[in-house]
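Here's the structure, in structure tokens; my notes come after.
Just so it is clear: chains get the letters A, B, ... in the order the sequence lines come, proteins before strands, and each one is counted from 1. These numbers come from a predicted model, not from an experiment.
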Number of protein chains: 2
Amino acid sequence: MTADGGTMPRPADPTDAVAPVESAAGEKVGDVVAAVRDGIVKGRFAPGQRLPEAELVTLFGASRGAVRSALAQLENEGVVLRERNRGARVREVSLAEAVEITEARSVVEGLCAAKAAARAGADDRARLHVLRDELHTAVDGADVVAYSRINQQVHRAIQEIARHSTAAQVLDRLRIQSVRYHYTVALLPGRPTVGLREHTAIIDAVCAGDPDAAEQTMRAHLLSVVESLHRLDAQQYRW
Amino acid sequence: MTADGGTMPRPADPTDAVAPVESAAGEKVGDVVAAVRDGIVKGRFAPGQRLPEAELVTLFGASRGAVRSALAQLENEGVVLRERNRGARVREVSLAEAVEITEARSVVEGLCAAKAAARAGADDRARLHVLRDELHTAVDGADVVAYSRINQQVHRAIQEIARHSTAAQVLDRLRIQSVRYHYTVALLPGRPTVGLREHTAIIDAVCAGDPDAAEQTMRAHLLSVVESLHRLDAQQYRW
DNA sequence: GGCAACCAGATTGTTAACGATTTGCGCGCC
DNA sequence: GGCGCGCAAATCGTTAACAATCTGGTTGCC
């Protein structure tokens with residue numbers, strides 16, 4: 001076993017830059033939570049990597065109590081795993097879990113799409129059309145990173161248009177847990193083309209004010225992501 | 001304003017008995033969380049009531065740190081609201097929020113029902129049939145409290161049969177937030193009869209192994225609960 | 001009599017030190 | 001040489017005291 005005890009973290013992405021986080025007075029725990037979560041999402045902290053309290057204290061300059069509260073919250077959010085007297089580790093989400101998460105997302109985002117279709121105003125439609133065009137150019141230019149980013153923006157836009165705070169909370173939580181798979185799926189050959197077609201259908205249904213069609217297309221889209229995850233599994237792809 | 005500062009708690013249910021919670025070694029925070037959550041669900045702590053740390057310390061015999069962690073977790077679960085330097089209060093969920101929560105439940109429980117229909121074995125079907133019969137006798141006997149209890153057991157059984165841990169987590173969280181409305185809906189005139197019919201349809205669909213029918217009936221059932229909530233609103237019913 | 005500043009009590013936030021548990025390593029025994 | 005035991009370092013959990021903040025009532029002034 002290696003010195004740090006856990007799964008060997010692979011080299012961090014070149015796109016990290018640490019973000020020292022100015023501990024604004026009275027928001028320490030929130031800052032630490034955001035910083036650690038961001039580190040997990042961005043790949044600075046690898047799945048299975050240990051997160052000793054002392055290390056986070058020196059990293060973020062926060063007190064141990066703050067770090068402790070932050071870890072408790074992150075555990076509650078499902079991105080960190082803690083064992084008594086054994087410390088905290090970045091939780092490893094299996095492919096099976098990612099499938100479950102995406103299935104759950106499919107129904108909740110379906111609800112959001114339906115609500116968005118019912119509530120979308122002219123400005124909302126304009127916003128979605130902009131995103132649709134941006135997605136189109138990204139796919140045309142084979143810009144996978146841009147595709148992935150705008151992809152997420154589409155989902156977030158529909159979520160915001162739906163104005164359903166409960167669904168929004170649930171979705172934020174679910175997305176954080178499976179974020180690391182999003183890029184992977186986007187990298188599958190042909191995925192951007194399929195995704196573009198599906199997103200276009202969703203946007204059209206929402207803008208047409210058809211809740212049923214919006215829900216169905218959104219669900220179909222995320223179930224196709226589930227299919228892609230299974231394909232990943234078939235390829236023995238592992239983190 | 002009264003001495004305790006918050007909304008006046010109505011007299012607690014006769015069914016509380018405090019549950020002093022034997023602080024088993026190494027599970028203090030979990031115990032406090034469970035105790036406070038239970039107190040909120042059972043009505044010992046009313047919505048809006050203040051929850052001073054010192055009071056919880058004396059109530060449960062836990063250290064202040066444990067109480068503090070527990071409150072943080074309860075805040076994260078959405079049943080407690082905390083303001084900086086102003087302490088914690090039991091969160092008041094509005095009827096609009098209860099509607100949102102039930103809408104979210106409808107789609108996620110729909111997913112569970114579909115999965116349950118696909119995965120139910122003979123023992124699962126037997127379990128559901130027992131619950132169906134118990135629900136029937138409860139409604140025949142006009143036993144509203146039994147109806148409400150078995151009602152929840154049906155939902156929980158389907159959730160367990162679905163074996164979808166992500167959906168289960170989401171649902172546990174959502175149910176806790178809106179628990180106090182469950183009894184109220186069950187008390188609406190004619191509600192047990194309607195609920196019985198709907199639950200029977202759900203159980204039949206799950207036992208028939210028809211995922212689509214199971215999902216549709218479950219969604220229809222919870223949307224009918226949403227309708228009941230709106231009727232509550234029309235009656236100017238307030239907590 | 002009304003209003004504003006102020007002071008005391010209560011409550012929460014923070015920090016530091018102490019105690020308990022686990023883990024890795026070295027030593028001795030078989 | 002392999003295996004089990006025990007010690008020491010590291011890490012987490014808990015407690016207690018201190019500091020900062022808010023609330024409510026009181027007092028003095030206009």
Fill in the blank from the handout: Assert: residue with more 5' nearest nucleotide on DNA chain C, out of Arg86(A) and Arg64(B), is Arg64(B)
Practice task
Measure from the side chain of Arg68(B), starting at C-beta and using heavy atoms only, and say which of dT14(C), dT14(D), dT11(D) lies closest.
Solution key: dT14(C)
Handout entry: Cationic N near anionic O, under 4.0 Å, Glu109(B) to Arg175(B)
Key = yes
Fill in the blank from the handout: Residues passing the side chain to side chain contact (heavy atoms under 4.5 Å, CB included) test with Ala88(A), sequence neighbours excluded, are Leu51(A), Leu71(A), Val80(A), Arg82(A)
Fill in the blank from the handout: Contacts of Asn85(A) and Leu71(B) projected onto DNA chain C by closest heavy atom; the upstream (5') one is Leu71(B)
Completion exercise
Arg84(B) atom CZ is separated from dA10(C) atom P, nearest whole Å, by 22 Å
Exercise for the section: Please state how far atom CD in Glu83(A) lies from atom P in dA20(C), giving the value in whole angstrom units. Expected result: 22 Å
Fill in the blank from the handout: In whole angstroms, the gap separating C1' of dG13(C) from CG of Asp31(A) amounts to 15 Å
Problem - Spacing between Leu56(B) atom CG and dT11(C) atom P, to the nearest angstrom - result: 12 Å
Fill in the blank from the handout: Gln49(B) atom CD is separated from dT11(C) atom C1', nearest whole Å, by 16 Å
Exercise for the section: Output yes when at least one side-chain N/O atom of Ser63(B) is less than 4.0 Å from OP1 or OP2 of dT14(D), else no. Expected result: no
Practice task
Decide, yes or no, whether a salt bridge links Arg173(A) with Glu77(A) under the criterion of side-chain N to carboxylate O below 4.0 Å.
Solution key: no
Handout entry: Rounded distance in Å - CZ (Arg82(A)) to P (dT21(C))
Key = 17 Å
Exercise for the section: Indicate yes or no for a side-chain donor-acceptor contact from Glu92(A) to the backbone of Pro47(A) under 3.5 Å, with no hydrogens or angles considered. Expected result: no
Exercise for the section: Would you mind reading off the distance between Glu53(B) atom CD and dA10(C) atom P, rounded to a whole angstrom? Expected result: 16 Å
